[in-house]
Structures are given as structure tokens and as C-alpha cells.
K.L.:
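What follows is a structure written as C-alpha cells; I'll ask about it next.
Keep in mind that this is a model prediction, so the values were computed, not measured. Both backbone and side-chain heavy atoms feed into the values below; hydrogens, waters and symmetry mates do not. Naming: A, B, ... by sequence-line order, numbering from 1 per chain.
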Amino acid sequence: MAKRPQASLIPDLTHRSVTERIAGLILDRKAPVSWWIAFVISAALAFMLLVVLWVVFTTGVGLFGINIPVAWGFPIVNTVWWIGIAHAGTLISAVLLLTRQRWRASINRLAEGMAMFAIVCAGLYPMIHLGRPWFFYYLLPYPDTMDLWPQWRSPLVWDFFAISTYLIYTSSFLYLSLLPDFATLRDRAKARFAQYFYGILALGWRNSALHWARYEKANQVMAAVAAPIVVSVTGIISLDLAVAIVPGFHFTIFPPYFVAGALFSGFSTVALLAVVMRAMFGLKNLITRSHLDYLGRMMLVFALVVDYAYSQEIFTAFYSGDPNYFNVYYDRWTGPYAPIWWSMIFCNVVLVQLLWFKRVRRSPLAILCLAITSNIGMWLERFQIVFTSTHADFMPSAWDTAWPTTWDWLVYIGTLGLFVFLLMVFVRVAPLVSIHDMRLEIHGSKRDE
Amino acid sequence: MSDAPVFGILVRLPSAEALLAASKAARKAGFRDLDAFSPFPVPDLAETLGYRERLIPVLSLVLGLIAAAGAFFMQWYAAFDYPYVVGGKPLNSWPAFLPITFEVGVLASVLTALLTMLIRNGLPQPYHPVFNDPDFDAASSDGFFLVLPGAALAEVQACLEDHDTGVIRELAL
């Protein structure tokens, strides 16, 4: 098979220069001012999250806008949104590895780090939403004296297993990918503390051919497992809704639809972070405009899948002939949450069409703006699924509306801060571009020439 | 350095291709327990050294399946141990057990892959003779090394005579 040379993606780099360059970002250089600004603001927001959670845990979930019939509300909207972002991180890294796409080298670390921190934020919400978070271990089959088991048929238990599996998986995958890079940092570090720090993290990795052979196999196994994990975790989260009989939730298209939505928001977030990081750390020749172009194409592909799912959802609702389903749609289009629906359509269906143009995909500013609107659009989508489906179901006597309260917003903003905070710490401790993948990519493109 | 006990011989080579060629020649000449070091996984290098990784995928699959079966059994057992009929569904309502069965199986296979890799590589390992070489840092940037444990300097020099080698020197234990 004729390989298309991809040498133009990263011109004029050698093994040594790329190693020194990326390791130098951590070891030699003082952090840029923009990093400090982001770090301080996000640290403040993360601290605010701690305070807010303390208030929520001592007062109760009555602080949130949730009510009956909208029992799930904001926390679940945010869980699904964060989990979606996490998924694309894993999938980008894993699928691009399995399909041997060399352009992954510049962005896979960013994607893995993003997945790791997004899952932390996602995992927080179900705990908060439990109301009594100190009883979360009831979801585990632990040996208790009353001989009780968890209810295996409950989606809440499925969620617990899915999210914790995903958390363990993501951290293992991230650590595996960092291992050779920690060894690189250990070898380059001048300060005694840094030598010990990276020496311990590197576990004695010494770039032996036998190490690499086992490493590559383990990496392939993990990547092969990643795709089913991603599909299963979002799929299971969507089953929480789809197993309900509530119109607006009860759609068989939900699992694939949620996965596509997850990938759309995740690719948008990777694009967003790529644009921000290349500006912050001056990585314009490592993360090139061609990388943004590829990310833009992926965003467009998954946006189109999501748009197809919207049309299918509407079609199913009307084809079923069920007046309750009709009602959900009339309500979404004209009811109290109509602005949310129409804004979602504007962001996810109308605006993304700009990505058909190459000039838009190659412009960092345009990609940045579209990544932000796509994330807002996906958030609105989760919002309208959770809120509009439950606020007016079968019996008009039970109809009510729910709106997020200040506390809802504070928790949400707090997790955004936590995410940025963790990411900012991460990029100062670990290389934000995978050094060994970059070296392999250089080796490959030299051979193609 | 001359008085210290010798671990073996270290050869530095200029490129991945040279490393591959030198490894092949050294294997052919009868050197055993060779190890090669490169800043990125060089294709076919491990095979040249006579190594083939089969255990990780097989073990991951087997342990993953065992764990999945165990998770299914746990749920099935619990459904009968603590019978609780909801909506007239049978006790063995297996489709509802699949999400957890799947997740547990996948988790087991992932952890197997990671731990097998670490254990088989002998990590964590704080000390290894190669770290004694002053240039070995380059293995994580642009250095390619071949290490022949227990070999004599003259033998190695004779064997790699026709090869494009850099330094050849003894490696202290």
C-alpha cells in the first residue's frame, strides 16, 4: 500500500531537538505569564468548588434547582457533558494509535490528559447528586453483615461500575504513555529533586528493545480495549435514560447518539486545548495548522452524525404515533425551554457547517470559536434531553419547570476551574506533547522521504 | 574503571538502521542475552534479538474472560441469594447483568496488560549497569546502543568490524 508521506506535518525536527524542546518546556523554562494567569484563576475556582461542596454536603441537595418531576437536573447534565469530553480524549489517542495515524503524536498526550481530568469532574456529580455521598460505597458488592447486595438491575449501579472502570482505565493508559517520557525527563533533569522525582516515576525505564516490544503490545491491547470502553461507558449512561419509559428518554437510538455527541464535544475540546496550548507554550511547529485541519474534520464528521441523530429522534417521535411523544417535541420547540432547543440547533447544526471550508479549519481563531460554540451546543443538548423530557411527562397534574440555581452554577463553574487547574499542573509536570511518539513520528517521516 | 568488575560491552551506533544491522551481526556471531536501546520502538528490533511478545495479549484476553464470567456469576448468584422480583421479571434477567459483566472483564484485561508489561520488564528496577555509562542518557534522545553482557572487548570489535559503529567500550557492573 502506498503511504502518503506526512513529513510536511512537522518540518525540520530531529530526535535530539524535539526531545530537548519538549523536555525543556518543563525543565528549563519558566512558565509563561499566560500560564500563571490561568493557574491562579483556576486554582481560585477549584478552591471555590471545595467551599461550595462543603456547603452542599452540609445543607443538602435542596440547594439545587432539582424538583419532582425534574429529579435529575443539572448535575446529570454536567456528568454526561464531562464524560463526553473525556471519551473523545481516549478515543483519539487509541483509535489513531490502532490505525497508525502519525499525526496523533502531537495531540495524543493532550487528549489523554484531557480525558483524565474530565472524568474526575464527571465522577464528582453522581456523588453530589446522591445527597448522602458518604454512603456511595453501597453501590459496591462489599461484604456487609446484613448480607445485602447492590441492585444489579439498576442503572445507578451500572454507572458506578462504568465510571470507575473508566477512571482506572484512563489513568493506566495515561501512565503507560508517560512512562518513557518520565525516563527522558529523568535523563535530562539537572536539579537533584527533579532527578529523584522523575527517576521514581520512570520506574527504571531504560529504552531497551525488549521493554519497547512489551510496551507496544500492552499499548495495543489497551488501545483495542479503549473503543469498546468508550462506547460502553457513554452507552451505559444513555441507558440510564433509555430504560425509562418517559417520552424523550425512551429511544433506542440513544447509545450511538450519545457516543457521537461525546466524540463531537471531545474533539472540540481537544481542538480548543490544542489552540490554547500552542499559543501558550509556542508550539506552532509541533501542533501545526494541519493538525487543526484534521481536528476540524473530525468535529465536522461527528457533528453530522449528531445531526442525523436529531432527525432520527424527531422522526421516531412522530412515526410512533404516540401523542405523548408529539407533545415532547411541540414542547421542546415552543415550550418554556424552547430557547435552549433552538440555540442547540444553531450551535450544533448551523454553525458547524463552517467546518466544510478549509480556510476555517486551518484558522486557529475560527477553530477556537467553533470549539467553544460546539461545547456550548453539546451542553445545551444534554440540558434539553434531561429537562424537557421530565418536566412534562404523562400527567399534566405533575408538570413543573426546574431552573438551575446559583449553587448549580457555582458547582459547574467550580468543576470547570478544577479541570483547568489540573490541566495546568499537568503541563508543568509532564510533557504536553508525547516525546517518544514524536521521535517515532520523525523516524517514520524520514523513512518515507 | 579498569579495576571495576565488567558487566559487558556497550556499543554506540549512529542510527536505528545501524543498530538493527549490528544486532543481527552480533546474534549471528553467537552472542547471547543481547540488549539494544533506542529512543523509540524500532520496528523488528526485538525480533532481531530473538524476542517475540505473545504473552500480553493472550493473558489479557484469558483473564478478562475469567473476570467477566466471575462478574456475571456474582450477579446471577446475588439475584437468587436475595430474590427480589420487580415488574414480574425473572430472577435471571441476564440482559441487565451485561453492563457490569462487560466492564469488569474489560477492567481486568486492561490491568493485566499493564501489570504484565511492568512485571515482565522487571520494573520498577532502580539500578541497572547501563546507567553507569556516561553517554547512556542519549538513549532517551538520539542515541542507539547495543549491549553485549559478558562479552570481551576484542571479540566484539572483531565481530562489528565492518559496521558503522561509534564508541565501543566496557560497561562497569
K.L.:
Check whether I236(A) gets within reach of chain B through its side chain, its backbone, both or neither, counting any heavy atom under 4.5 Å.
P.N.:
side chain
K.L.:
Taking every non-hydrogen pair under 4.5 Å, which of P39(B), G143(B), G122(B), A71(B) racks up the most with chain A?
P.N.:
P39(B)
K.L.:
What's the spacing between D35(B) CG and L210(A) CG if we round to 0.5 Å?
P.N.:
4.5 Å
K.L.:
Are the side chain of W212(A) and the backbone N or O of S38(B) linked by a donor-acceptor pair below 3.5 Å?
P.N.:
yes
K.L.:
Between chain B and each of D181(A), L148(A), L179(A), N207(A), count heavy-atom pairs under 4.5 Å; write down the option with the most.
P.N.:
N207(A)
K.L.:
Enter the distance from K217(A):NZ to R54(B):CZ here, rounded to the nearest 0.5 Å.
P.N.:
9.5 Å
K.L.:
Counting only heavy atoms closer than 4.5 Å, note whether T165(A) contacts chain B via side chain, backbone, both or neither.
P.N.:
both
K.L.:
Between I200(A) and chain B, with a heavy-atom cut-off of 4.5 Å, which part of the residue counts as in contact: side chain, backbone, both or neither?
P.N.:
neither
K.L.:
For residues 90-102 of chain B, dump all side-chain donor-acceptor pairs below 3.5 Å to protein atoms at least two apart in sequence or in another chain.
P.N.:
unit_1, atom_1, unit_2, atom_2, d
S93(B), OG, R153(A), NE, 2.6
T101(B), OG1, Q75(B), NE2, 3.3
T101(B), OG1, F97(B), O, 2.8

K.L.:
Pick whichever of D81(B), V42(B), V147(B) has the most heavy-atom pairs under 4.5 Å with chain A.
P.N.:
D81(B)
K.L.:
Contact part of V233(A) toward chain B, heavy-atom cut-off under 4.5 Å: side chain, backbone, both or neither?
P.N.:
both
K.L.:
Between M74(B) and W149(A), is the side-chain contact (heavy atoms from CB on, under 4.5 Å) condition met? List the steps.
P.N.:
CA-CA 10 Å; M74(B) 173 179 71; W149(A) 289 95; 3.7 Å; yes
K.L.:
Under 4.5 Å, heavy atom to heavy atom: which of residues 55-65 of chain B reach chain A? Give them by number, or say none.
P.N.:
I56(B), P57(B), S60(B)
K.L.:
Measure across S232(A) and E103(B) and return the closest heavy-atom pair with its distance rounded to 0.1 Å.
P.N.:
OG-OE2, 2.6 Å
K.L.:
For the candidates H211(A), E216(A), H436(A), M222(A), which exhibits the highest count of non-hydrogen atom pairs separated by less than 4.5 Å from chain B?
P.N.:
H211(A)
K.L.:
Which of residues 104-118 of chain B have a heavy atom under 4.5 Å from any heavy atom of chain A?
P.N.:
V104(B), V106(B), L107(B), S109(B), V110(B), L111(B), A113(B), L114(B), M117(B), L118(B)
K.L.:
What do you reckon, is OH of Y82(B) surrounded by more than 12 foreign heavy atoms closer than 6.0 Å?
P.N.:
no
K.L.:
How many angstroms lie between atom CZ of R206(A) and atom CZ of F145(B), to the nearest 0.5 angstrom?
P.N.:
14.0 Å
K.L.:
Checking heavy atoms, do the side chain of P141(A), its backbone, both or neither come under 4.5 Å from chain B?
P.N.:
side chain
K.L.:
If we define contacts as heavy-atom pairs under 4.5 Å, which of Q220(A), R186(A), R188(A) has the most with chain B?
P.N.:
R188(A)
K.L.:
Check side-chain contact (heavy atoms from CB on, under 4.5 Å) between L167(A) and all other residues, then give those that pass, not counting sequence neighbours.
P.N.:
M116(A), I119(A), V120(A)
K.L.:
Less than 4.5 Å to any heavy atom of chain B: does that hold for the side chain of Q151(A), its backbone, both, or neither?
P.N.:
side chain
K.L.:
Are any of the side-chain heavy atoms of W152(A) and W76(B) separated by less than 4.5 Å?
P.N.:
no
